[in-house]
Amino acid sequence: MVTISDLSGRVPNYLYQELGVGFQALQSIRGIQVFSENPAVSTYIDDVNLLDILAGGFALTDVERIEVLHGPQSTLFGRNAMGGVVTIFTKQPSNKTTGFVELENGNFALQRYTAGFKTPIIKDKLFFGINGLFQKREGFMKNDITGTSSTDVRLNGRTVGGEENTYGNAFLKWLVTDKFSLTANVKTQKDFSNESVFFVSQANETAALENPTVINLSRIGRHQRKITNYSVTGKYKAKNFDLISISSFQQISLSFRDIDFPGIYHSFSSSAIGEELPPQEVLSQEFRINSTNKESKLQYVAGLFGFKQVGYEPSTNLAFENAPNNFSIFRNRSNNSGYAAFGEVSYKVSEKLKITAGARYDIEEREATFNGFGDAVFVNGVFTQLNPDQTKSASFNAFSPKAAIVYNLSKNANAYATYTRGFRAGGINAQGGLPVGVRQDFDPEYSNNFEVGYKSTFWNNRIHFNLATYLINWKDLQFFNNVAPFTFVRENVGDAYSKGIEVEANVIPVKGLQLDFAYAINDAAYEDFSLLRFGNAVPIGGNTLANAPKTTFFTAAEYTIQTSENVNLLFRAEFRNIGGYYTDIQNSLYQPTYQVVNTRFGLSYPNYGIFLWTRNLTNANYLAFGAADTSFGRRSLAAMPAQLGITLTARF
């Protein structure tokens, strides 16, 4: 089982943090990150962009590969790719009939069952594939009502943090002609918990690190998320170029109840506490053309992209419980759309020198309909709108250029230098009653990334070595300011920088043995600006960038031994060291350096396997999440303790 969280440390300068559930997660690359509905690191699964943070947390199976692109990728990928892009590809059907079954059990009552089947329906013409997953585990924390407002002793000792996930993925691929193909794909997942850690946490980092298995909640909540992705990809292969069309439609619905934040929160739409919110819907379309003649000195890619989004952001569609049967109602509906044209051209000046230039222009329209504090209530089962909703709109545009030069030092080594510009979309503050002079909208963020590097392979391709140095200037950061009592709005508060070095190496010293290494050094800080907090200006300039470890280090050894003609033994051990970092912009909540060790030992023969595994073998205590702004408290959440289990596999 490999998840996005496993990329921490394995990918230099990558950090993954999760606020209890996979659809509320923060990804940081080179310190560029954010925790809001617009991520700073884009995630794609089978070419479909997970546009909103609520779309994350897929419990994938049958994964072919995961690729991570460092630094701004806005020229080809557009909005919200300031830190980089994570792309995940699942295995697709072919002419060969194959299938698999995996059964996994572990501590914390882990059950994970996956199965898949791929086959040609018409050989060389029509192919079908399907796979699915069910997993369930209990939480590792036990509740204690000490220090809460609850007197219900029945809540003491209750498990907190368990979840069920059901996932399905179906492909249908049609080779219409020898040049034209169509692939239809549906992915769907349902997540459910009646011991939810959605948006809940421990009181502070001391409690989380010293007593990671104890949480203090006055209520134990529940949540349910359903997400479905539909996509159709068409590809036409001409003599010297490919034409590609990617159409996708995504629906996400969410409900939650009795979430102790602190204060008790429930989802609310129109008539019931804890009801399912209207589905968020995203429709996107991309057309792309790219050259395929490898002998040509000129290579290119160009395209058009557009999306429409109807959103119901969970933190602004809820009922806040004032007293039994008395709730303040907050509602927000967004209508967003965006359009872009992009292109990139590479020219081979000589056998050794290649230059690349690219650009993208994005236009985005945003509209939000919302109410303010005290504008709506739900009392004794009756909804009352005290003041009318407001509707505000804004538009933004962004130009994202790119330039690169690559010089081949030898057949297997090159040096390169690049400049790229990234941006993260602006938005609207969905809150009424703002003071005069405070903007209802906020502008996009931008970054300028400069990178110089070296890539090589040698010793008959048994060693791969990469080295990169970078400097990122991050402009117009979006963050919340306290502009009036109980009124916080997102504003463009200031700038930051990030610079560092990254080294990666893969070595195969002898047959059957692979060694992997990744090391990074990062220096990142906020530049001169202040935050408004309760009428006071809090200086931030000079503080270390939050969620940006000074160093990350990863090493792994995997050894496969063929003991007989059909029997193989597998040994794998991983070690990662995540250097200390602050989780908050004020630099007061510190996560010390920690180490995680994972192991895997297995026996396979020839289509069957049994594997014993551990995760966090040494039971390291560290934070899965820490507050981004300690003005509002030091909420923290401990990471999973040691896990161990067994996996049985069968393939045909």
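The basis for the numbers below is simple: all heavy atoms, side chains too, and nothing from hydrogens, waters or symmetry mates. Each residue takes its place number in the sequence, starting with 1.
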Enter the distance from [X]:[atom1] to [Y]:[atom2] here, rounded to the nearest 0.5 Å.
| X | Y | atom1 | atom2 | result |
| --- | --- | --- | --- | --- |
| L15 | L7 | CG | CG | 11.0 Å |
| I610 | L648 | CD1 | CG | 5.0 Å |
| I66 | T90 | CD1 | OG1 | 11.0 Å |
| L54 | Y312 | CG | OH | 13.5 Å |
| T213 | N621 | OG1 | CG | 9.0 Å |
| L133 | T166 | CG | OG1 | 8.0 Å |

How would you list, by chain and number, every residue that makes a salt bridge (charged side-chain N to carboxylate O under 4.0 Å, His left out) with [X], sequence neighbours excluded?
| X | result |
| --- | --- |
| D47 | none |
| E138 | none |
| D260 | none |
| K187 | D46 |

Who are the side-chain hydrogen bond (donor to acceptor under 3.5 Å, both in side chains) partners of [X], not counting sequence neighbours?
| X | result |
| --- | --- |
| E502 | N13, R30 |
| E67 | R65 |
| Y519 | none |
| T614 | T599 |

Just do the side-chain contact (heavy atoms from CB on, under 4.5 Å) check on N577 and T593 with the steps written out, would you?
CA-CA 7 Å; N577 181 292; T593 298; 3.5 Å; yes
When the ring planes of F180 and Y236 are compared, do they come out parallel, tilted or perpendicular, using 30° and 60° as the limits?
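Taking Y236 first and then F180, their aromatic rings sit tilted (interplane angle of 30° to 60°).
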Is the number of heavy atoms from other residues, nucleotides or ligands within 6.0 Å of CZ (R222) greater than 12?
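12 or below, so no.
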Do S181 and W174 pass the side-chain hydrogen bond (donor to acceptor under 3.5 Å, both in side chains) test, and can you show the C-alpha distance, the side-chain angles, and the key distance before you say yes or no?
CA-CA 6 Å; S181 66; W174 180 24; over 6 Å; no
Do [X] and [Y] come within less than 4.5 Å of each other through their side chains, counting heavy atoms only?
| X | Y | answer |
| --- | --- | --- |
| T183 | L172 | no |
| Q17 | L637 | no |
| T649 | N607 | no |
| V596 | N598 | yes |
| I32 | I29 | no |

Could you please spell out the steps behind the side-chain hydrogen bond (donor to acceptor under 3.5 Å, both in side chains) verdict for E104 and T647?
CA-CA 4 Å; E104 189 167 88; T647 302; 2.5 Å; yes
Stepwise, does the side-chain contact (heavy atoms from CB on, under 4.5 Å) test hold for T233 with L182?
CA-CA 6 Å; T233 301; L182 288 170; over 6 Å; no
Check E102 with R651, please: is the shortest side-chain N to carboxylate O separation under 4.0 Å?
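Yes, this pair counts.
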Please determine if R10 and D516 form a salt bridge, counting it only when a charged side-chain N lies under 4.0 Å from a carboxylate O.
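Salt bridge between R10 and D516, a charged N being under 4.0 Å from a carboxylate O: no.
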Output side-chain donor-acceptor pairs under 3.5 Å for residues 273-289, partner residues at least two apart or in another chain, one line each.
residue	atom	partner	partner atom	Å
E275	OE2	S269	N	2.8
E275	OE2	S270	N	2.6
E275	OE2	S271	N	2.9
E275	OE2	A272	N	3.2
E276	OE1	K226	NZ	3.3
Q280	OE1	Q309	NE2	3.3
E281	OE2	Q251	NE2	3.1
S284	OG	S248	OG	2.4
Q285	OE1	S247	OG	2.4
Q285	NE2	S245	OG	3.0
Q285	NE2	I246	O	3.4
E286	OE2	R288	NH1	2.8

Applying salt bridge (charged side-chain N to carboxylate O under 4.0 Å, His left out), which residue pairs with at least one partner in residues 113-133 are found, sequence neighbours left out?
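For residues 113-133: D62-K118.
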Only pairs at least two apart or in different chains count here, so list each salt bridge (charged side-chain N to carboxylate O under 4.0 Å, His left out) that has a residue in residues 154-172.
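As it turns out, the salt bridge (charged side-chain N to carboxylate O under 4.0 Å, His left out) pairs with a partner in residues 154-172, which skip direct neighbours, are K136-E164, D152-R154.
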Should N616 and Q643 be marked as a side-chain contact (heavy atoms from CB on, under 4.5 Å) after you check the CA-CA gap, both sets of side-chain angles, and the distance that decides it?
CA-CA 6 Å; N616 192 10; Q643 302 171 71; 5.8 Å; no
What pairs meet the ring-ring contact (aromatic ring centres under 6.0 Å, His included) rule with one or both residues in residues 593-612, with sequence neighbours excluded?
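Found F571-F601, Y594-Y622.
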CA sep, side-chain torsions, deciding dist, call: T560, L569, side-chain contact (heavy atoms from CB on, under 4.5 Å):
CA-CA 6 Å; T560 303; L569 293 177; over 6 Å; no
Give a yes or no on whether the ring-centroid distance for H223 and F23 is below 6.0 angstrom.
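They qualify: ring centres under 6.0 Å apart.
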Proximity of Y44 and F77 rings by center, below 6.0 Å
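Here the rings of F77 and Y44 have centres that are less than 6.0 Å from each other.
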side-chain hydrogen bond (donor to acceptor under 3.5 Å, both in side chains) assessment of Q135 paired with Y113:
CA-CA 6 Å; Q135 69 179 16; Y113 311 118; over 6 Å; no
Minimum-distance pair of heavy atoms, taken over all atoms of A505 and F465
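Scanning both residues, the minimum pair turns out to be CB-CD1, 4.2 Å.
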